[in-house]
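Here is how names work: the chains are called A, B, and so on, in the same order as the sequence lines, proteins then strands, and each is numbered from 1.
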Amino acid sequence: MSTAAATATESDTTSRKPEIRIYNTLSKRKELFEPLRPPQVGIYLCGPTVYAESHIGHMVGPVIFDTIKRYLRYSGYDVTLVINITDVDDKLIAKSHQRGIPMSQIACEMTADYLANLKELGVNQIDYLPRATDHMPQIISFIEDLEKKGFAYAVDGDVFFDVARDPNYGQLSNRTPDAQQGEGGEAAGKKRSPGDFALWKSSKADQISWDSPWGPGRPGWHIECSAMSHQILGDTFDIHGGGLDLMFPHHENERAQSGCCHDAPMVKYWLHNGLMRAGEKGKVGGKSDREPSPDEAAAGKISRSKGAGGLADLIRTQTGERIRFFLLRTHYRSTIIYGEEILEEAGTSLETFYRFFDRFNEITSKVETTDHPGQLFYDLPTHTNRFDGDFDPAGDPLLTEIHAAREKFLAAMDDDFNSGAAISVLFDSIRSLNRHIDAHSLATGADPEQSEVKSLIKSATVIRELASVLGLFIKPPATAGGDDQDTAMLDQVVHLLIDLRKEARERKDYATGDAIRDRLTDLGIALLDKKEGTSWERS
RNA sequence: GGCGACGUGCCCGAGUGGUUAAGGGGGCUGAUUGCAAAUCAGUUUUUCAGCGGUUCGAAUCCGCUCGUCGCCUCCA
């Protein structure tokens, strides 16, 4: 949706309201989405701690919330999406000592890596990427406020949040203030209660530190998010997102800090995405009482400690769109099982779309008298508002089908952003269009019915509109394996062979024709003899 | 130990009380094709971990059992 199709916001468009329901972790049920200050919507997502390269699990949240923002915008809201960067914490400090370079340099490198990965996956809806180290004044004054109001206490240069003072503590994660945070950590001796958590940690002489009213130190993890979200989105904002693993203690603590400091609820809707898990290597029998193999024992949440990594490599071999599609196939609250084969399968199913787009382009390129001569799929216009995109099928059978599909797609997304169900509608639509092309012989080139071509173009436009809401099919797919430049040359060479094969087949020399095809197949190039001509793809 | 999630047909995955259980992948069959591929059609699919209960009716609600996983320490 980057190409702003200059949608003049019409008055009747903005007055129509979608009915979007979202699952709120706080209430544990789906609620009607009603922003606090419509049409404004504020979303805050907990981003990464940038101490190492990102892995695929880090992409789940950003892809989902990028999609959520796209959908809410499409539904008429004016959305601000914030993803923070934690660029100061113990791991970063340790790494900096180990490598003998400043913490900021590591943070800088890893942030660049993170952003590059996001870009590859089509995540481009982020409005603010606040860094903790850029918000020290806000963090410090936040802690001062809490101390002044009696929710925090300082001990020897450390400052802790007094959990007992917050009657709402534990509501989000359904935990009592007792028996949390283990034994209280290193600073247990200083805490009034083991559940109390650090707002400010005093630094040792050789550690990086910031000056504060409590002496040199650095902020606790949770307070960073409270301070930054407040700075950008205010006392109370609409949506706070993050992985399920952050619900406790991170989000519970953020909620306590912000709620107590501003005497207002921090967030209206808490959204938590499911975590990614490594798939089992072998099929586990279930009733077997044998010892679990090391592989099975390792199956679990994808994390760095379990060896996940190399996202940039994965993107290079799989393409960012494949990965985005793979993530969006599953509902955001479900666990996503990751495995090379499963990712590969998602990629295979994506090919159906790409082949259709090629087919579409070839048909429209031959048509001369439509309203959109030579219309390429990736150049089709796309509506930025769901109500503008509505249309009257006017009795046309294909358009009636596509109109119904569009309604189904919107209903799925309205129901807690069910992107998996929405994608299935896209598959259905592609089948409808292929059927239409076959039934009206649009691909054979023999003077296709103009009205049928028009219906095809209109329908394809709807598919492009819906897909772009998911951040899919925005631009032609990158070739897996990267390194283009040569791709154009390869294309020419393959077409040369296609022409030679065509000549051979025209004189019924099938042996030569098949030899060309077979040898190309061996090289990983598949020829597709369609009615509209022969094309090729990597296999 | 405390809190929580999940178990859907060969595989991946939608679906939370009521038309034939979405969609994708794979297998098979047919149409089409010189043969393939692609496309389309059909099939694999009365079945939702197991047992019991509620109900006119359950994959969906309740109970128990079995299994998997997460959080309670840093984690998206």
Q: Could you state the atom-to-atom distance from CD of Glu345(A) to C1' of rG24(B) in whole Å?
A: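 One finds 6 Å between C1' of rG24(B) and CD of Glu345(A), rounded.
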Q: For the pair Glu321(A) (side chain) and Phe473(A) (backbone), establish whether a donor and an acceptor sit closer than 3.5 Å, ignoring hydrogens and angles.
A: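 Side chain of Glu321(A) to backbone of Phe473(A): a pair is present.
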Q: So, His58(A) side chain and His55(A) main chain: donor-acceptor pair closer than 3.5 Å or not?
A: yes
Q: If you measure from the C1' atom in rA76(B) to the same atom in rG23(B), how many Å do you get, rounded?
A: 27 Å
Q: Provide, to the nearest angstrom, the distance between the CG atom belonging to Leu328(A) and the P atom belonging to rA14(B).
A: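 In whole Å, rA14(B) P lies 11 Å from Leu328(A) CG.
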Q: Phe248(A) CZ to rG2(B) C1': how many Å, rounded?
A: 11 Å
Q: Can you tell me the distance, in whole Å, between the CG atom of Asp414(A) and the P atom of rG15(B)?
A: 14 Å
Q: Reckon Arg333(A) touches a base, only the sugar-phosphate, or nothing at all at heavy-atom distances under 4.0 Å?
A: nothing
Q: Heavy atoms under 4.0 Å, any strand shown: does Gly241(A) hit a base, just sugar-phosphate, or nothing?
A: nothing
Q: Could you check whether Lys91(A) pairs with Asp89(A) (Lys NZ or Arg NE/NH1/NH2 to Asp/Glu carboxylate O, under 4.0 Å)?
A: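 Result for this pair is no, no salt bridge flagged.
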Q: So Gly243(A), base contact, sugar-phosphate only, or nothing? Heavy-atom distance under 4.0 Å.
A: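 Counting heavy atoms under 4.0 Å across all strands, the contact made by Gly243(A) is with sugar-phosphate only.
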Q: To the nearest angstrom, how far is Phe427(A) atom CZ from rG23(B) atom P?
A: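 Value for this atom pair: 11 Å.
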Q: Let's test your reading of the model: under 3.5 Å, does the base of rC35(B) pair with the side chain of Arg517(A) as donor and acceptor?
A: yes
Q: Determine whether a donor-acceptor pair (one donor, one acceptor, N or O, separation below 3.5 Å) exists between the side chain of Arg277(A) and the base of rG70(B).
A: no
Q: For Phe326(A) and rC11(B), what is the distance between atoms CZ and P respectively, to the nearest whole Å?
A: 17 Å
Q: As a test of your reading of the structure, name each stem of RNA chain B as range with range, where a stem is three or more consecutive Watson-Crick or G-U pairs at under 3.5 Å.
A: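 For RNA chain B the paired stretches long enough to count as stems (3 pairs minimum) are B:1-7 with B:66-72, B:10-12 with B:23-25, B:26-31 with B:39-44, B:49-53 with B:61-65.
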Q: Please state how far atom CE in Met247(A) lies from atom C1' in rC71(B), giving the value in whole angstrom units.
A: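 One finds 7 Å between C1' of rC71(B) and CE of Met247(A), rounded.
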Q: Check this one for me: any side-chain N or O of Asn434(A) less than 4.0 Å away from OP1 or OP2 of rC40(B)?
A: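 It does, given that an N or O in the side chain of Asn434(A) lies less than 4.0 Å from OP1 or OP2 of rC40(B).
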Q: Classify the nucleic acid contact of Ser334(A) as base, sugar-phosphate or nothing, counting any heavy atom under 4.0 Å across all strands shown.
A: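 Sugar-phosphate only.
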Q: If you look at every strand shown and take non-hydrogen atoms under 4.0 Å, does Asp514(A) touch a base, only sugar-phosphate, or nothing?
A: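 Touches a base.
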Q: Expressed as a whole number of angstroms, how long is the span from Asp529(A):CG to rU33(B):P?
A: 13 Å
Q: Check this one for me: any side-chain N or O of Asn174(A) less than 4.0 Å away from OP1 or OP2 of rG4(B)?
A: yes
Q: rA76(B), rU39(B), rC12(B): which one has an atom nearest the side-chain heavy atoms of Arg329(A)?
A: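 When the side chain of Arg329(A) is considered, rC12(B) is the closest of rA76(B), rU39(B), rC12(B).
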Q: State which of rC35(B), rA38(B), rG25(B) makes the closest approach to the side chain of Arg355(A).
A: rA38(B)
Q: Have a look at Asp518(A) and say if it touches a base, only the backbone sugar-phosphate, or nothing, with a 4.0 Å heavy-atom cut-off.
A: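 Here Asp518(A) touches no strand at all.
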Q: Over all strands shown, is His331(A) touching base, sugar-phosphate only, or nothing at heavy-atom distances under 4.0 angstrom?
A: sugar-phosphate
Q: If you measure from the Lys or Arg side-chain nitrogens to the Asp or Glu carboxylate oxygens, is any gap between Lys30(A) and Asp415(A) under 4.0 Å?
A: yes
Q: Would you indicate, yes or no, if rG25(B) has its OP1 or OP2 atom less than 4.0 angstrom from a side-chain nitrogen or oxygen of Thr352(A)?
A: yes
